[in-house]
Student: 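The structure under discussion is supplied below as structure tokens; questions concerning it will follow.
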Amino acid sequence: MKVLSIINLKGGVAKTISSVNMAHILATLHGRRVLLIDNDKQGNASKILNRHSYDKPGVAEIMTDRNIKTAAVIQHTDYARLDIITANMNLLKANLEVLLDQQRPQQTRFKRALAQVADSYDFCIIDNAPDINISTINALVASNDVMIPVTIDDFALDGLAELKEQIDNTREDLNPALRFCGCFVTQYDRTNEADQQGEEYLKALQDYPVFQTHIRRTGKIKPSTFAREPIIVYSSRCGASYDYKRLVEEYLKM
Ligand SMILES: Nc1ncnc2c1ncn2[C@@H]1O[C@H](COP(=O)(O)OP(=O)(O)OP(=O)(O)O)[C@@H](O)[C@H]1O
Ligand SMILES: [Mg+2]
């Protein structure tokens, strides 16, 4: 099982939209067995896939329960080969509990839990919160790959240096195999010159690898979240559907 973290310290850059749609495309168009982990107390990925609740265990229990049976925390979604570990506000308390627990290692809980299901999935995609906290560190420690969605604005590069440092530190200390696959531009507006120039600037900087594929801004994305549907289900012909399919192909070719 390959574990991919989608992460950025910035909010609203399409981490969740990208995680859900990449996971759904890998499962439905590429026939891969995919586990999506919602690693954000906002629970947006769980909501989009219609699984948000307080009745079932989820990522909070992965963080805190010593004897966790990972399979018991996984739920099927409405889509073939796509399963999810959900999140809700309980993750906030769980993260605090982990930080106060000096008995067990704090950073390897995802890694231990995922080892139990490594043969059941081809990919695990982790949708992270816009933060570095103990559960995002757990995600990086458990990951093979990292991708960073960015939107082009005045503040596009904010936090990228800090995040890169966190990735480098995690690689050095805890996870030598961690690969930074690169940034990809989301919510790209081709009628806006600033977006074109911003993407070119990011590529020219050469501080960070940048995916060739960008995800176009489309009016279909927001209603797809209200409809609780992945974008290729909601609007198979919109720009973002086409772009997310290309992004997954580019990632698979790496
Ligand atoms: N390609 C797109 N076109 C138009 N709107 C988009 C696109 N991608 C994302 N959005 C919108 O941008 C907003 C933020 O997306 P999303 O929730 O995925 O970001 P996020 O990085 O996960 O945010 P947070 O940091 O709060 O977790 C949402 O309202 C979403 O509908
Ligand atoms: Mg999100």
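We count ligands from 1, going down the list as the structure has it; atoms in each ligand are counted the same way.
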Student: Would one find an N or O of G12, backbone or side chain, under 3.5 Å from an N or O of ligand 1?
Tutor: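 Indeed, backbone or side chain, G12 has an N or O that close.
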Student: Under a 4.5 Å cut-off applied to non-hydrogen side-chain atoms, are L49 and L82 in contact?
Tutor: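 Answer yes - side chains close enough.
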Student: Among all protein heavy atoms in this structure, tell me which lies nearest to atom 7 (C) of ligand 1, with the distance rounded to 0.1 Å.
Tutor: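 Its nearest protein heavy-atom neighbour is Q187 CG, 3.5 Å.
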Student: Might you confirm whether atom CG of D119 has over 12 heavy atoms from other residues, nucleotides or ligands at distances under 6.0 Å?
Tutor: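 No, because the 6.0 Å sphere around CG of D119 holds 12 heavy atoms or fewer from other groups.
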Student: Using distance alone, decide if ligand 1 has a nitrogen or oxygen within less than 3.5 Å of any nitrogen or oxygen in T16.
Tutor: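 Indeed, backbone or side chain, T16 has an N or O that close.
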Student: Please work out which of the three classes, parallel, tilted or perpendicular, describes the rings of H214 and Y188, given edges at 30° and 60°.
Tutor: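 Answer is parallel, since the angle falls under 30°.
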Student: For atom OH of Y242, is the number of surrounding heavy atoms from other residues, nucleotides or ligands below 6.0 Å larger than 12?
Tutor: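 For Y242, atom OH is not crowded (no more than 12 foreign heavy atoms under 6.0 Å).
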Student: What atoms of ligand 1 come closer than 4.0 angstrom to any heavy atom of D40?
Tutor: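 By the 4.0 Å cutoff, the relevant atoms are 27 (O).
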Student: Would you check whether A240 has a nitrogen or oxygen atom less than 3.5 angstrom from a nitrogen or oxygen atom of ligand 1?
Tutor: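 No, A240 has no N/O under 3.5 Å of an N/O on ligand 1.
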Student: Check the surroundings of atom OH in Y54: do more than 12 heavy atoms from other residues, nucleotides or ligands lie under 6.0 Å from it?
Tutor: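 Check passes, neighbour count above 12.
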Student: Just to check, does T186 reach to within less than 4.0 Å of ligand 1 when the distance is taken from its heavy atoms?
Tutor: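 Contact absent.
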Student: Would you say D127 and T16 are linked by a side-chain donor-acceptor pair, where the criterion is simply a distance under 3.5 Å?
Tutor: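 T16 vs D127: donor-acceptor pair found between side chains.
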Student: Tell me, which protein residue and heavy-atom name are nearest atom 16 (P) of ligand 1, and how many Å apart are they?
Tutor: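 Going atom by atom, the protein heavy atom closest to atom 16 (P) of ligand 1 ends up being A14 CA, 3.6 Å.
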Student: Among I231, I48, I221, N44, which one puts a heavy atom closest to atom 6 (C) of ligand 1?
Tutor: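 When every heavy atom of I231, I48, I221, N44 is considered, I221 comes closest to atom 6 (C) of ligand 1.
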Student: From atom 13 (C) of ligand 1, is the closest protein heavy-atom distance below 4.0 Å?
Tutor: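 No, there is none.
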Student: Is any side-chain heavy atom of E249 closer than 4.5 Å to one of H30?
Tutor: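 The answer is yes; the side chains approach within 4.5 Å.
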Student: I need the atoms of ligand 1 closer than 4.0 Å to a non-hydrogen atom of G11, numbered in the order shown.
Tutor: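 Within the 4.0 Å cut-off of G11, ligand 1 contributes 25 (O).
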Student: Taking N, O or S atoms only and a limit of 2.8 Å, check whether N44 reaches the Mg ion (ligand 2).
Tutor: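 Under 2.8 Å: N44 has no N, O or S contact with the Mg ion (ligand 2).
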Student: Of K15, K41, Q42, R216, which has the heavy atom at the shortest distance from atom 1 (N) of ligand 1?
Tutor: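 Of the listed residues, R216 has the closest heavy atom.
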Student: Compute whether any side-chain donor of one residue and acceptor of the other, for T64 and E97, lie under 3.5 angstrom apart.
Tutor: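 Result is no, nothing qualifies.
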Student: Tell me which protein heavy atom sits closest to atom 18 (O) of ligand 1, plus the residue, atom name and distance to 0.1 Å.
Tutor: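 Checking every protein heavy atom, the shortest distance to atom 18 (O) of ligand 1 gives I17 N, 2.9 Å.
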Student: Check whether more than 12 heavy atoms from other residues, nucleotides or ligands sit under 6.0 Å from atom CZ of R190, and answer yes or no.
Tutor: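 Counting other residues, nucleotides and ligands, CZ of R190 stays at 12 neighbours or fewer.
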Student: Any chance the side chains of T136 and N128 put a donor and an acceptor closer than 3.5 Å?
Tutor: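 No pair is found: no donor N or O on one side chain lies under 3.5 Å from an acceptor on the other.
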Student: Considering only heavy atoms of V13, which atoms of ligand 1 have at least one such atom less than 4.0 Å away?
Tutor: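 This gives 19 (O), 20 (P), 21 (O) as the contact atoms.
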Student: Between T225, V20, T218, which one has a non-hydrogen atom sitting closest to atom 4 (C) of ligand 1?
Tutor: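 Result: the heavy atom closest to atom 4 (C) of ligand 1 is in T218.
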Student: Protein heavy atoms: any of them under 4.0 Å from atom 28 (C) of ligand 1?
Tutor: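 Protein heavy atoms within 4.0 Å of atom 28 (C) of ligand 1 - there are none.
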Student: Is it the case that D83 and Y121 place a side-chain donor and acceptor less than 3.5 Å from each other?
Tutor: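 On atom types as modelled, these side chains qualify, holding a pair under 3.5 Å.
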Student: Under 4.0 angstrom from ligand 1, any heavy atom of K220?
Tutor: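 Outside the 4.0 Å threshold, so no.
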Student: At less than 4.0 angstrom from any non-hydrogen atom of P130, what atoms of ligand 1 do you find?
Tutor: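 Those atoms are 25 (O).
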